[in-house]
Asker: 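So that we are looking at the same thing, I have put the structure below in structure tokens.
Whatever order the structure lists ligands and atoms in, that order sets their numbers, starting from 1.
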Amino acid sequence: MSSNNESIGKTLGVVVGLCLVCAIVVSFASVQLRPLQQANKIKDVQRNILTAAGFKDIENVEETFKANIESRVIDMKTGEFVDVDPLSFDFESTKYDAERSFALEKENDLAGIQRMTYNSPVYLVKGDGSDVSTVILPIQGYGLWGIMFGFLAMDEDGQTIKAIQFFKHKETAGLGGEIENPKWTATWEGKQLPIDIVKGTAGNNEHKIDGLSGATLTSNGVDNTIDFWTSEKGFGPFLAKVRKGALN
Ligand SMILES: Cc1cc2nc3c(=O)[nH]c(=O)nc-3n(C[C@H](O)[C@H](O)[C@H](O)COP(=O)(O)O)c2cc1C
């Protein structure tokens, strides 16, 4: 014999009530945690910029960033600094904002990114005194499995690479994922633009980098990414100004 507590109406009532309570808890947590998530995202970007700038064992990311890095925004076409908040950029989503970005024609899209922004943040690293010693450029380009996001650190001469750091990608661990391997990224230090990633050994050639073995397709993606972002279509106009001493 079924009691009143086991009626369909009561069961449904409990299910709906429970769903409602869960939905309210999840929505509340999501709204409450959003500022914290945003702050963590910014901190993560800052940590990667500091790593590209050569900082190691960073204890307080925010303080170290504030003390050593100046974030600026440039007009990609002219290479001039513009008065835009660097924090308004999200590397993944801003390029889909129709007012702040444009579609790249296939023949102009060497990095395979489909769209790019009119402006871009750049990060100036202060050396001894207040002179800028390094400029860090955000880069992105298609590997084998998806877009690889990274930073390219250039010397104040606008010609010499100081570091490359990929912080987000979909390449296979142990193959294309080796773009993150410090042993490989260390080989970039001191190389000169333009860069060519070659199969086999690059030796001491200052324009060549060893390709990743078993990951030629990712290596080609990195090669195209660097070529694109250091060209006229990328940071070329800005780098031309850096070469003329615009930073100091
Ligand atoms: C499951 C799987 C994952 C792979 N992941 C990558 C990758 O992330 N990057 C890459 O360049 N090649 C990857 N490859 C290998 C490519 O298909 C290709 O063989 C390789 O890029 C050629 O490089 P190599 O000429 O240095 O051997 C993968 C292959 C398999 C089967």
Asker: To the closest 0.5 Å, what do you measure between CD (E156) and CG (D131)?
Answerer: 7.0 Å

Asker: Is any heavy atom of the protein nearer than 4.0 Å to atom 7 (C) of ligand 1?
Answerer: yes

Asker: So which protein heavy atom does atom 24 (P) of ligand 1 come closest to, and at what separation?
Answerer: T216 OG1, 3.0 Å

Asker: Please say which of H169, Q165, Q140 ends up in a side chain to side chain contact (heavy atoms under 4.5 Å, CB included) with F149.
Answerer: Q140

Asker: Which residue owns the protein heavy atom closest to atom 5 (N) of ligand 1, what's the atom, and how far is it?
Answerer: T172 OG1, 2.6 Å

Asker: What do the steps show when you test R72 against E70 for salt bridge (charged side-chain N to carboxylate O under 4.0 Å, His left out), and what is the final call?
Answerer: CA-CA 6 Å; R72 299 290 301 269; E70 187 187 354; 3.5 Å; yes

Asker: Can you list the ligand 1 atoms lying under 4.0 Å from a non-hydrogen atom of K199?
Answerer: 25 (O)

Asker: Just to confirm my output: which protein heavy-atom neighbour is closest to atom 13 (C) of ligand 1, and how far is it?
Answerer: L144 CD2, 3.4 Å

Asker: Considering the heavy atoms of G176, write down every atom of ligand 1 situated less than 4.0 Å from one of them.
Answerer: 7 (C), 8 (O), 9 (N)

Asker: Within 4.0 Å of atom 1 (C) of ligand 1 (strictly less), any protein heavy atom?
Answerer: no

Asker: How far does NZ of K162 sit from CE of M154, to the nearest 0.5 angstrom?
Answerer: 10.0 Å

Asker: In the complex you have, is atom 28 (C) of ligand 1 within reach of the protein, judged by whether a heavy-atom distance drops under 4.0 Å?
Answerer: yes

Asker: Do D157 and T160 get their side chains close enough for a donor-acceptor pair, meaning under 3.5 Å?
Answerer: yes

Asker: Quick one: ring-ring contact (aromatic ring centres under 6.0 Å, His included) partners of F167, sequence neighbours excluded?
Answerer: F151

Asker: Taking distance alone, with N or O pairs closer than 3.5 Å, would you say L217 contacts ligand 1?
Answerer: yes

Asker: Honestly, is R47 close enough over F65, meaning NZ or CZ under 6.0 Å from the six-membered ring centre and within 45° of the axis?
Answerer: no

Asker: Kindly indicate whether atom 10 (C) of ligand 1 is approached by any protein heavy atom to under 4.0 angstrom.
Answerer: yes

Asker: Provide the number and element of each atom of ligand 1 under 4.0 Å from a heavy atom of T218.
Answerer: 7 (C), 8 (O), 9 (N), 10 (C), 11 (O)

Asker: Any N/O of G214 closer than 3.5 Å to an N/O of ligand 1?
Answerer: yes

Asker: Assess, by modelled atom type and distance only, whether the side chains of Q114 and K95 contain a donor and an acceptor separated by less than 3.5 Å.
Answerer: no

Asker: Could you check atom 30 (C) of ligand 1 against the protein and tell me its nearest heavy-atom contact, residue, atom and distance included?
Answerer: L175 CD1, 4.7 Å

Asker: Cut-off 3.5 Å, side chains only: do R100 and T117 have a donor facing an acceptor?
Answerer: no

